[in-house]
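Right, one structure below, let's go through it.
The chains referred to below are lettered A, B, ... by the order of the sequence lines, with proteins before strands, and numbering in each begins at 1.
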Amino acid sequence: MLDRKFIVENVSLVKQNCAHRGVTVDIDRLVELETQRRAADQQTQELNRSANEFAQKIGKAKPEERDALKEQARALRAQKDQSQAACDELEQQILAIQLTIPNLSHPQAPIGSDDKANLELRRGEHAPRKFDFKPLDHVELGEKLDLIDFEGGARTTGHGFYFLKNEAVLLELALQRFVLGILMSEGFTPTITPDLAREEILRGIGFNPRGPETQVYIVENTDLCLVGTAEITLGGLYSGMVIDDEQLPIKLCGISHCYRTEAGAAGRATRGLYRVHQFTKVEMFAFTLPEESEAMLEYFCGLECRIFDELGIPYRVVDTATGDLGGPAYRKFDLEAWMPGRGAEGEYGEVTSTSNCTDYQARRLNIRYKKKGEKGTHFAHTLNGTAIALSRAMITVLENYQQADGSILVPAALRPWVGLDVIGPR
RNA sequence: GGAGAGGUGGCUGAGUGGUCGAAAGCGUCGGUUUGCUAAACCGAUGUACGGGUUAAACCGUACCGCAGGUUCGAAUCCUGUCCUCUCCGCCA
């Protein structure tokens, strides 16, 4: 959420940003309503002040004078209530508009309406490998080596669910442990977060659980949702808090399951593990001072690169275009890793995403910091980044490390955790 | 899941309808005293929004977990809700 005063004072900037983001919002209407609300608010405050005066007078008045005064005070309070109601009504309308306004965009973010405008920034250490045989995709590999059971997942739960089996289980745990080692050595506090969160927190992070195209599973008869990412729980962890500036930056990583309905996603590249309703993810999250957040985004992106470089997976880094940023992000970098089994001759597919959300989420979640020795508080900046999404990482490992005999070489970085050099063949 | 107790400022904790944004203590900051430290003493010390100022000062409104209600008036009474603690039950 953008600051309301900022919107009113920077109408053309906000409008232009909405246009770049491909979001239609009636900013003029918001400004008009806000002007009305301010007037109504002042009037309400003034009425309330007089009513308070009366209340005090009555306390000190002689008993025989009280009834007359009460009558007047009642009338005044009724006026105040009316004025307040008008104010509240305006507030609701303003908020409804305000919540749909996306964050500002980084001046260097490529401007464009969708992912076609995304800009490739660089590539990883490893180039895509030349196969001297026709590489299989992870679904075939998973089946041949008895590593992934999609049929069983469908039978028990439905399409988009799966069982990991045998060495795939070790591989998944090894990837988590490998990534955790890197993040802990970088000073992240590791956590395992709840997989459910209050709707209020989801909204604060920028999700709309009850929207028409929602990605979110809601638990019936509760205000809880299954989280689509630990970004939700990690951000929510500090909601409503005031943090001492000396504690910043706070770097957390969280392991959680991620649940996504993938409504409207049918027909897209959905084969196998690429787009599933449940997966596990290690997520990075940071709360920073405003002046630190841009550097933190580079740092997060650098860590994502390091993880995939050390895994030996080829990838490219993409600077996300304004129209593809989503509401909360000010700037976003994605890693797209090489998936040899994807498409006809292999394709890059998104494996991580890191965003600087500046104060957009902090304002909604009311996460502030206080500078020592200074009056007042400011909103913190929040950043999130995928350290590793296990389902998609699994695709890249299986497909990139497959061998002619049908076996999978275990990446060197994972061998200590997997306890094997090779998986299969069977 | 059942029964009970409770949520007050950075912390401890008083406050059961009016003069309470809130006693007292601790902490923190500034000052005095002091050869230094300690102690003592004096003063200051919440947040948000709005007004005001070059900037302050200052003024107004709201906030005693959160949301409602009663009342001229609510930290205080009522309802709901969230959270914490104790006991019981169940359970990995």
Exercise for the section: Could you tell me whether A:E298 atom CD has more than 12 heavy atoms of other residues or ligands within 6.0 Å of it? Expected result: yes
Exercise for the section: Test for a donor-acceptor pair under 3.5 Å between the base of B:G60 and the side chain of A:Q45, counting only N and O atoms. Expected result: yes
Completion exercise
Taken to the nearest whole Å, CD/A:Q84 to C1'/B:A62 is 9 Å
Handout entry: Presence of salt bridge, A:R4 and A:E91, under 4.0 angstrom
Key = yes
Exercise for the section: For A:K370, report the nucleic acid contact type (base, sugar-phosphate, nothing); a contact means any heavy atom under 4.0 Å. Expected result: sugar-phosphate
Problem - B:A23 versus B:C85 - spacing of their C1' atoms, nearest Å - result: 27 Å
Problem - Over 12 foreign heavy atoms within 6.0 Å of CD, A:E186 - result: yes
Exercise for the section: For A:K57, report the nucleic acid contact type (base, sugar-phosphate, nothing); a contact means any heavy atom under 4.0 Å. Expected result: nothing
Practice task
Decide if atom CD of A:Q82 counts as having more than 12 heavy atoms of other residues, nucleotides or ligands within a radius under 6.0 Å.
Solution key: no
Handout entry: Nearest-Å distance once atom C1' is located in both B:G46 and B:C29
Key = 15 Å
Exercise for the section: Would you classify A:A55 as touching base, sugar-phosphate or nothing, given that sugar-phosphate means primed atoms plus P, OP1 and OP2, and contacts are heavy atoms under 4.0 Å? Expected result: base
Handout entry: Separation of atom NZ in A:K80 from atom P in B:G60, rounded to whole Å
Key = 18 Å
Problem - P-based separation of B:C20 from B:G4 [nearest Å] - result: 36 Å
Practice task
Give the nucleotide from the list B:A62, B:U71, B:G18 with an atom nearest to the side chain of A:R66.
Solution key: B:G18
Exercise for the section: Can you establish whether the number of heavy atoms outside A:E143 located under 6.0 Å from its atom CD is more than 12? Expected result: no
Practice task
Have a look at A:R198 and say if it touches a base, only the backbone sugar-phosphate, or nothing, with a 4.0 Å heavy-atom cut-off.
Solution key: sugar-phosphate
Exercise for the section: Tell me what A:T44 touches on the nucleic acid: a base, only sugar-phosphate, or nothing, going by heavy atoms under 4.0 Å. Expected result: nothing
Fill in the blank from the handout: Here the distance between atom C1' of B:G18 and atom CG of A:L69, to the nearest Å, is 14 Å
Problem - Atom-to-atom span, CG of A:D244 to C1' of B:G46 - whole angstrom - result: 14 Å
